[in-house]
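Just so we're on the same page: letters track the sequence lines, and every chain starts at 1. What you see is a predicted model, and the numbers here were worked out from it, not measured in a lab.
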There are 2 protein chains.
Amino acid sequence: MSSRSQTIADILTRAIIDHRLVPGCKLGERELSEIFDVSRIVVRQALIRLADDGLAQIERNRGAFVAKPSMQEAMEIYDALTLVEQGVAAQLSDRLGPAGWAELRQHVERQRQAVAAGNDALADVLGQEFHSVFVRLSRNKVMQEIHAQLVRRTTLLRSLITADFDYCNLLDDHSRVVDLLEKGRLKQAMDLIDTHHRAVVRGYIMDREVYAEMTPAEALAPYLDGRADSAAPIAPRAPTRPSGNGNGTAHVHVHLPKQDPAPKSRASAKKTNRGLPA
Amino acid sequence: MSSRSQTIADILTRAIIDHRLVPGCKLGERELSEIFDVSRIVVRQALIRLADDGLAQIERNRGAFVAKPSMQEAMEIYDALTLVEQGVAAQLSDRLGPAGWAELRQHVERQRQAVAAGNDALADVLGQEFHSVFVRLSRNKVMQEIHAQLVRRTTLLRSLITADFDYCNLLDDHSRVVDLLEKGRLKQAMDLIDTHHRAVVRGYIMDREVYAEMTPAEALAPYLDGRADSAAPIAPRAPTRPSGNGNGTAHVHVHLPKQDPAPKSRASAKKTNRGLPA
DNA sequence: AATCGTTGATTGATATCCAATCTTGTGTTT
DNA sequence: AAACACAAGATTGGATATCAATCAACGATT
């Protein structure tokens, strides 16, 4: 059992990754302490952990908020991610054994099947996981942690933007990177990684504001009860209407019909689902 | 003014970097709270920050200790550092303007002068700073922070090992990397970066144990009084004498004949002269 | 000498309290 | 009516005191 503040930090991280807590959302100490039924101090410690991870920002005497990276920072994060993955690619092209290549191919194949089966949510998760599997094969835990942190921060960005790109292309990229690397065409593989990330960033269009769709209490409820991870690992994400075609914007945060008539909820904000058919 | 826990975390970080607090050193909450004259809670928050940064490790119900990386982890840190700096090198070789190259050359020159003047301590600091300047020129704050964290962790290693290498070679490496990069010989520059770091790691020989030479109160005293950074930024480091012979153990923490494990003297446990750094 | 309780110290956490600061709402002024 | 000023309320940052759980060292027992 790790400390309670770590547990709470994990839950908050999870909620942010799942887009249940959106950038700019206030993380009040009292509110969270009541939600988790712990003292304010434990909450504060959890918030410090989140801030160190780049997922929250603490403003003195004003409190903690889910971090809201600027476009500049978004690009820096993706640049760093590219740099790390290119470096790992260079290492793997030398050192990776057959079992490693097999694992990568197997992962791509699983994602392909998910796409074929129309399970966009699963395909999305697998698509993200590919990068983590990739880095894990470097067998460098320090590097893994750095990469994982960067990936967590990219999920922040996805709440702030309007995704507009084709997942099938991204899947193909994964497959091609593996091919290129195994054939020793390192340079081409690294270029493809760069292009891959640029494709994602280019698809981003920073929207002006994001409004919370639910109170923290509602957002965190699924993680609380019996087990911290029983419910809503994927469900809370975009209510992915599994539309058959490929350009479904899986990451968009659709505005659910709220049952909470909070006076200030200008739930009508933008987030127009560009490209989401029907 | 940032929070007090951040201030304390900064001081502890500084003390660790300065090798006044060595790996394995116990960071007791009560002891630190008395040293800094704050409550235990603030200390705990500072320790959480240190742990998130990889400089301390917290064991449940046992407390916090200055982190003591394994040889495996040491190599992973250096691998990650190599990966990051190679990636930055690749970026700079494309994008860096004349002013940037000038800054790098100027830094190398300053270090060269320090070496010439026999100011080994300054040369050492400049040698470390070179890498930070290098990364700063990438103008990517996210990458800078990642790199800075890795560098901080390498300073931990230097307390654990017996350094055995020639600083002049390392200085030449810096100079040559700049030359190669500016001439567009990226591949050679990257190889040199790799070699450079491997030279450092190869010089390392993990010693068995490190013993604290002073109590935390003594170690932290210089940072406390008037200003947090008035005294002892370099002094406490190893009496770096790159003596002619190759095995000058530059960074070693010599095992002083401590009055420590006197089986009976619980006086030592009582922290004889706690506080009052007079 | 080795094992097994006991005791003391330390950590994890809570509740309560207080000062400083920020936010908000009201009331006044222009 | 709009802009400003000020007071009240709320929130954060922090201190202190307290408590249970756990760990470590010590001592007694076999």
- Does a salt bridge link B:Asp10 with B:Arg14, judged by any charged N lying under 4.0 Å from a carboxylate O? no
- What integer distance in Å separates A:Phe65:CZ from D:dT11:P? 12 Å
- Message: Just to be sure I understand the geometry, which residues of residues 26-37 of chain A put a non-hydrogen atom under 4.0 Å away from DNA chain C?
- Response: none
- Item | A:Phe65 versus A:Leu27, closest heavy-atom pair with distance | C-CD1, 4.2 Å
- Between CD of A:Gln6 and P of C:dT11 the distance, given in whole Å, is 18 Å
- Task: Specify the closest pair of heavy atoms between A:Arg49 and A:Ser5, including all atoms of both residues, with the distance to one decimal.
- Result: NH1-OG, 2.5 Å
- Report the nucleotide, chosen from C:dT11, C:dA13, D:dG13, that has the shortest atom-to-atom distance to any side-chain atom of A:Ile58. D:dG13
- Message: Please report the distance, rounded to the nearest Å, between CD in A:Gln45 and C1' in C:dT14.
- Response: 12 Å
- Task: For the residue pair A:Glu145 and A:Gln149, confirm or rule out a side-chain donor-acceptor distance under 3.5 Å.
- Result: no
- Task: May I ask you to check whether over 12 heavy atoms, not counting those of A:Arg30, lie within 6.0 Å of atom CZ?
- Result: no
- Message: As an exercise, state the distance from NE2 of B:His131 to CD of B:Gln128, rounded to the nearest 0.5 Å.
- Response: 8.0 Å
- Message: Are there over 12 heavy-atom neighbours, none belonging to B:Arg152, within less than 6.0 Å of that residue's CZ?
- Response: yes
- Message: Using heavy-atom distances to pick each residue's nearest nucleotide on DNA chain C, tell me which of A:Val38 and A:Arg62 is more 5'.
- Response: A:Val38
- With distance as the sole criterion, do the side chain of A:Arg40 and the base of D:dG13 form a donor-acceptor contact below 3.5 Å? yes
- Query: Counting any heavy atom closer than 4.0 Å, what does B:Ser39 reach on the DNA or RNA strands: base, sugar-phosphate only, or nothing?
  - Reply: base
- Note on the structure: From the candidates C:dT11, C:dA13, D:dG14, the one with an atom nearest any side-chain atom of A:Val42 is C:dA13
- Message: So if I take every side-chain heavy atom of A:Ile41 and compare against D:dG14, C:dG12, C:dT14, which nucleotide ends up nearest?
- Response: C:dT14
- When you check the phosphate oxygens OP1 and OP2 of C:dG12, does a side-chain N or O of B:Arg44 lie under 4.0 Å from one of them? yes
- Message: Distance check needed: C:dT11 C1' versus B:Ile48 CD1, whole Å only.
- Response: 12 Å
- Message: Need one value for A:Arg4: base, sugar-phosphate or nothing, where a base atom within 4.0 Å counts as base even if backbone is also close, heavy atoms only.
- Response: sugar-phosphate
